Amino acid sequence: MPMAFKHRLSRGDVLVGTIVTLPSPEMVEIFCSAGFDWLFVDLEHGALGVREAQVLLQAAGEQVPCLVRVPSIDEVWIKRALDIGAAGVIAPNVRSAQAARQVVRWCKYPPEGVRSVGIARAQGYGERFKEYVSSANDEVAVIIQIEHIDAVGAIEEIIAVSGIDGVFVGPYDLSASMDKMGLTTDPAVQDAIRRVKQSTRAAKIPIGIFGPTAESVKPYIQDGYTLIAVGTDTLMLVKAAKNITGALKR
């Protein structure tokens, strides 16, 4: 497992990734060769299962670290995502300090948490068991998603939870929770995002965000966001396909 990700995140490197939703190891290989710093493997909204996610991680190998977004804040999903070799977990829709604390506990082996001990890909199928379990608490990244207005209201308490390595803003779900579906540039939505940013800056916690295009995330990078997910595999395919058909059928 590429262990450098958490260290690069903590030192403030700008890490640009993209979201993977298709069960295509070839797509992952293309993304790795394209120069992405990390990949966001999505088990929440995509059709991927744990087996497909593991194949994607195997395709990435040691080239590019993969973070897995689990479908829900659930112990079983978290331990399965980590056991297939994820460099970290993205926990969706964290709305309270209690939920954040539980995520951290499920990601950490005792005595720091309650992660159960298994033998799978992350542990080298047993060959690297001692090495992995002795370093995982320090190396696995715990990222929580702030994507609901309730979470914005509790942001100071949430990021005070020990063991959180980064915060990732979900602007589309956040806008929906404010009855402004998809209006991510709405002043009220932007104010909520700014509040999260100000709180993470004060706490010196890395912050990230999703944007559909490079242009949409550039202002956030300039504002100090370092964990960037831009576009998805399907969005890129749609755009490329339409560019071709548009050029040939005008």
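Everything numeric here is computed off the predicted structure, so don't read it as measured data. This chain uses plain numbering: 1 for the first residue, then up along the sequence.
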| request: Assess the pair Phe40 and Phe210: is the distance between their ring centroids shorter than 6.0 Å? | output: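 No, the ring centres sit 6.0 Å or more apart.
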All side chain to side chain donor-acceptor pair (under 3.5 Å) counterparts of [X], not counting sequence neighbours:
{"X": "Glu26", "result": "Ser24"}
{"X": "Thr21", "result": "Asp233"}
{"X": "Asp173", "result": "none"}
{"X": "Tyr109", "result": "Arg115, Gln123"}

Please list, chain by chain and in numerical order, all residues satisfying salt bridge (charged side-chain N to carboxylate O under 4.0 Å, His left out) with [X], sequence neighbours excluded.
{"X": "Glu127", "answer": "none"}
{"X": "Asp13", "answer": "Arg8, Arg11"}
{"X": "Glu147", "answer": "none"}
{"X": "Asp74", "answer": "none"}

| query | Heavy atoms, side chains only, cut-off 4.5 Å: are Ile146 and Phe168 in contact? | reply |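 Sidechains of Phe168 and Ile146: no contact.
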| said: Using side-chain heavy atoms (C-beta onward) and a distance below 4.5 Å, is Ile90 in contact with Val70? | reply: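 Ile90 does not reach Val70 side chain to side chain.
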| query | Which pairs pass salt bridge (Lys or Arg N to Asp or Glu O under 4.0 Å) with one or both residues in residues 39-57, sequence neighbours excluded? | reply |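 Applying salt bridge (Lys or Arg N to Asp or Glu O under 4.0 Å) to every pair that reaches into residues 39-57, excluding sequence neighbours, yields Asp42-Arg69, Glu44-Arg69.
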Show every donor-acceptor pair shorter than 3.5 Å between a side-chain atom in residues 99-108 and any protein atom, with sequence neighbours excluded, or say none if there are none.
{"from": "Lys108", "atom 1": "NZ", "to": "Asn137", "atom 2": "O", "distance (Å)": "2.7"}

| message | Show every side chain to side chain donor-acceptor pair (under 3.5 Å) that has at least one partner inside residues 196-207, sequence neighbours left out. | response |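 Residue pairs passing side chain to side chain donor-acceptor pair (under 3.5 Å), neighbours aside: Glu156-Ser199.
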| task | Using the six-membered ring wherever Trp is involved, compare the ring planes of Phe5 and Trp38 and label them parallel, tilted or perpendicular (cut-offs 30° and 60°). | result |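 Aromatic pair Phe5/Trp38 classed tilted.
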| Cluster partners of Leu248, using ILVMFWY side-chain heavy atoms under 4.5 angstrom, listed by chain and number? |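 Joined to Leu248, directly or through intermediates: Ile244.
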| message | Please determine whether a side-chain nitrogen of the Lys or Arg among Asp83 and Arg80 lies less than 4.0 Å from a carboxylate oxygen of the Asp or Glu. | response |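 Between Arg80 and Asp83 there is no salt bridge, as every charged N stays at least 4.0 Å from the carboxylate O atoms.
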